[in-house]
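Hydrogens, waters and symmetry mates play no part in the numbers below; they use all other heavy atoms, side chains included. What you see is a predicted model, and the numbers here were worked out from it, not measured in a lab.
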Amino acid sequence: MLLTGDRAFRASLSKMEPHRSSLVVLHNAMIVTMDSESRVYGNGAIVIERDRIKAIGHSVDLLRQFGDVAGEVIDLRGQILLPGFVNTHVHTSQQLGRGIADDVDLVTWLHDRIWPYEASMTEEDSYISTLLCGIELIHSGVTCFAEAGGQHVPGMARAVESLGLRACLAQSVMDSGEGLPASWAVRTAQDCMQSQKELYEKHHDTADGRIRIWLGIRQIMNCTDELLLATRDTARELKTGIHMHVAEIPYENQLVTETRNVDHGTVTYLEKVDFLQDNLLTAHTVWVNSTEVGFLSQAGVKVSHCPAAAMKMLGFAPITEMLDAGICVSLGTDGAPSNNRMSVVDEMYLASLINKGREVFKNGVTDPTALPAETVLRMATINGAKSVLWDDEIGSLEVGKKADMLVINASTWHMVPLHDCISGLVYCMRTENIDSVMCNGQWIMKDKRILSVNEVMFRAYSIDCMQLIHRGQIETMFLLLMPSRSCLCGSCHHFQLPFCNPLLCFFSTKKHEASQSLSSFFSLPAWLSNYFGSIFWQLPKFCSWSF
């Protein structure tokens with residue numbers, strides 16, 4: 001079983017102790033609130049009642065007021081308490097594809113690597129992938145994320161509910177253009193909208209209100225005007241958000257200019273058709289000019305800055321210009337095949353350094369004041385909450401807001417001495433400093449141990465897989481599973497391999513054959529053989545084979 005039973009155990013305890021106070025007091029902490037006044041409490045305390053913050057202030061005052069009536073009082077021993085990070089651009093379904101598309105251009109990355117991979121996934125694959133992604137997100141301090149769009153939202157939702165995270169989930173939709181897998185190419189705009197409306201009806205505001213359903217547009221190069229405008233109108237009707245990749249590469253702007261009769265590119269066209277609005281979250285948004293920055297600002301559009309993924313494939317986004325124009329800019333990691341680290345902690349560090357360095361190219365002189373630490377920390381917290389339209393409840397530590405927060409151990413060698421806590425959180429902190437994570441008033445990680453799923457089991461599976469590789473058993477297995485070199489699925493073409501292997505049918509309609517072979521050969525459970533199948537196709541990189 002993936003679930004540990006911790007949640008059920010806690011629920012049973014609460015029934016056995018009906019008179020126990022629901023109040024929890026966390027004290028003796030440096031509290032960084034990220035509120036509108038940027039308040040920091042040197043020796044602060046916070047009182048939590050069920051899923052919300054009841055009080056925040058100095059430890060001595062709150063202990064005097066609530067210490068005797070609280071059901072639990074926790075001494076944080078001087079650790080830092082911070083709002084949970086909001087990752088505003090994630091592809092949870094891509095977690096199993098980490099490493100399958102490194103060092104290639106975006107069009108190759110999409111058409112030949114990622115879309116064939118995504119098109120072959122089942123709901124169960126998406127569930128497993130989202131669990132694995134969620135584990136990494138929790139360890140990096142994320143309590144809420146915005147899914148940029150996969151194909152199996154029910155699988156994602158099931159994983160999010162199990163993990164205890166908060167999420168805005170979207171289905172990736174496209175109805176035209178080049179490079180689409182056969183199963184996607186037949187979809188019409190009406191099909192895309194109908195499926196998203198059904199997902200909204202089934203999953204919106206579920207998991208104790210932690211899941212919201214957004215609408216997704218993958219990119220303008222693969223959608224018709226009909227789909228664009230229907231998405232805009234439906235989002236207004238449902239009062240939900242839209243997540244879209246925008247202005248990622250120069251080719252995108254060139255194509256839009258040539259085919260849609262505008263003088264620059266994607267943002268100019270979206271402004272022309274009245275698609276820009278305050279419930280739109282645009283990812284990357286790299287290739288925009290000053291006029292388009294103005295369009296984004298005037299419409300209240302939010303931007304997710306993904307520095308690692310941008311540097312890997314896209315380019316320098318004009319982030320300082322966007323912030324100067326009043327645009328709400330937040331931070332995202334993107335997916336595992338494009339980053340490849342799912343850590344907002346890393347993105348904070350990169351965002352500041354990359355944008356300071358960009359000033360040299362822009363102005364010819366350095367500007368160390370560009371994107372200071374406090375601005376970056378706001379991008380990861382309250383700006384993230386604003387970007388996902390949830391800032392009334394999350395993004396800062398304030399009375400009445402949801403209890404989404406992190407406990408950070410700043411006593412490690414790379415964080416001491418800590419003269420400036422804000423600076424230290426951006427320039428010194430690493431993922432391993434995240435000690436505990438609370439979402440919706442529940443601990444989902446405590447003392448670096450995830451409570452909601454069996455993390456140890458997942459780690460053991462990965463270790464077992466690598467041991468098989470090192471023992472040389474994988475080559476024998478592949479020979480047994482390769483009775484013929486005739487192509488079954490076309491994956492050899494997509495992944496530029498010199499042969500076709502039935503295991504590659506994990507990425508095709510015949511993937512169950514590969515999973516069954518794995519299951520019988522190693523006596524593995526079906527879901528685990530599916531998981532192994534998703535990564536075994538990469539093994540030629542690691543094994544010395546002659547073909």
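No more than 12 heavy atoms of other residues, nucleotides or ligands sit less than 6.0 Å from atom CZ of R50. Surrounding NE2 of H204 are more than 12 heavy atoms belonging to other residues, nucleotides or ligands, all under 6.0 Å away. Counting non-hydrogen atoms of other residues, nucleotides and ligands closer than 6.0 Å to CZ of R341 gives a total of 12 or fewer.
For the pair M348 and L377, the minimum side-chain heavy-atom distance is below 4.5 Å. Between N28 and Q79, every side-chain heavy-atom pair lies at or beyond the 4.5 Å cut-off. The side-chain heavy atoms of L215 and Q171, taken from C-beta on, include no pair separated by under 4.5 Å. Using a 4.5 Å cut-off on side-chain heavy atoms (C-beta onward), V160 and T92 make no contact. Side-chain contact check for V90 versus C133: some heavy-atom pair is nearer than 4.5 Å. Taking the side chain as every heavy atom from C-beta outward, I46 and M405 approach each other to under 4.5 Å. Side-chain contact check for T143 versus L406: some heavy-atom pair is nearer than 4.5 Å. Between V388 and W214, the closest side-chain pair of non-hydrogen atoms falls below 4.5 Å.
With T381 contributing its side chain and F85 its backbone, the two residues share no donor-acceptor pair below 3.5 Å. Not a single donor-acceptor pair under 3.5 Å links the side chain of E455 to the backbone N or O of R449. The closest donor-acceptor contact from the side chain of T206 to the backbone of H203 lies under 3.5 Å. Using modelled atom types, no side-chain atom of R166 and backbone atom of R210 make a donor-acceptor pair closer than 3.5 Å. Remark: side-chain polar atoms of W109 are paired, donor with acceptor, to backbone N or O of P337 under 3.5 angstrom. Counting only distance, with no hydrogens or angles, the side chain of S129 and the backbone of Q95 share a donor-acceptor pair below 3.5 Å. For the pair N440 (side chain) and Q442 (backbone), a donor-acceptor distance under 3.5 Å is absent. Formation of a donor-acceptor pair under 3.5 Å by the T33 side chain with backbone atoms of L397 is not found in this model. A side-chain donor-acceptor contact under 3.5 Å links S352 to the backbone of L371. In this structure, the side chain of Y427 does not engage the main chain of Y349 through any donor-acceptor pair within 3.5 Å.
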*Steps toward side-chain contact (heavy atoms from CB on, under 4.5 Å) verdict (N87, E347)*: CA-CA 10 Å; N87 187 338; E347 299 303 307; over 6 Å; no

*Begin from the C-alpha positions of Q94 and E118 and carry the test side-chain hydrogen bond (donor to acceptor under 3.5 Å, both in side chains) through to its verdict.*
CA-CA 7 Å; Q94 292 179 5; E118 287 186 2; 2.8 Å; yes

*Could you walk me through whether T412 and N433 pass the side-chain hydrogen bond (donor to acceptor under 3.5 Å, both in side chains) test, one step at a time?*
CA-CA 7 Å; T412 55; N433 291 107; 2.7 Å; yes

*Stepwise side-chain contact (heavy atoms from CB on, under 4.5 Å) test for V86 and T88*: CA-CA 6 Å; V86 182; T88 57; 4.0 Å; yes

*Between T431 and S140, is a side-chain hydrogen bond (donor to acceptor under 3.5 Å, both in side chains) present by the stated rule, with each step listed?*
CA-CA 5 Å; T431 296; S140 69; 5.6 Å; no

*asked:* Before you tell me yes or no, could you show the steps for M156 and Y127 under side-chain contact (heavy atoms from CB on, under 4.5 Å), namely the whole-Å CA-CA distance, both residues' side-chain angles and the distance that decides it to 0.1 Å?
replied: CA-CA 5 Å; M156 299 177 203; Y127 169 63; over 6 Å; no

*Report the C-alpha distance between V32 and I422 in whole Å, list the side-chain angles of each, state the deciding distance to 0.1 Å, and finish with yes or no for side-chain contact (heavy atoms from CB on, under 4.5 Å).*
CA-CA 8 Å; V32 181; I422 304 297; 3.6 Å; yes

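Atom CD1 of I408 and atom CG of L418 lie 10.0 Å apart (nearest 0.5 Å). Annotation: the span from C144 atom SG to I394 atom CD1 amounts to 4.0 Å, rounded to 0.5 Å.
The side chain to side chain contact (heavy atoms under 4.5 Å, CB included) test with K302 is passed by exactly one of N383, N279, D278: D278. Applying side-chain hydrogen bond (donor to acceptor under 3.5 Å, both in side chains) to S396 and the options K401, R378, R39 leaves one that passes, K401. Checking T130, I213, I211 one by one against V153, the side chain to side chain contact (heavy atoms under 4.5 Å, CB included) holds for a single residue, I213.
With salt bridges taken as basic N to acidic carboxylate O contacts below 4.0 Å, none links R52 and E398. K448 and E432 are not joined by a salt bridge, as no carboxylate oxygen comes within less than 4.0 angstrom of a charged side-chain nitrogen. Using a 4.0 Å cut-off between charged nitrogen and carboxylate oxygen, R98 and E136 count as a salt-bridge pair.
Contact record, F66 with A55: CE1-CB, 3.9 Å, taken as the closest heavy-atom pair. Taking all atoms of both residues into account, the shortest heavy-atom contact from C421 to M30 is CB-SD, 3.4 Å. Closest heavy-atom contact between S162 and S452: O-CB, 3.2 Å. A pairwise comparison of heavy atoms in G150 and E147 identifies N-OE2, 3.5 Å as the closest pair. The two residues V47 and L23 make their nearest non-hydrogen contact at CG1-CD2, 4.1 Å. Minimum heavy-atom separation, S387 to L281: CB-CD1, 4.0 Å.
Side-chain contact, T231 with T234: no donor N or O sits under 3.5 Å from an acceptor N or O. No donor-acceptor contact under 3.5 angstrom links the side chains of D334 and N339, judged on distance only. A donor-acceptor contact closer than 3.5 angstrom links the side chains of S126 and S93. In this model, a donor atom of one side chain and an acceptor atom of the other lie less than 3.5 Å apart for N340 and K312.
Classification of the H91-H89 ring pair by plane angle, with boundaries at 30° and 60°, yields perpendicular.
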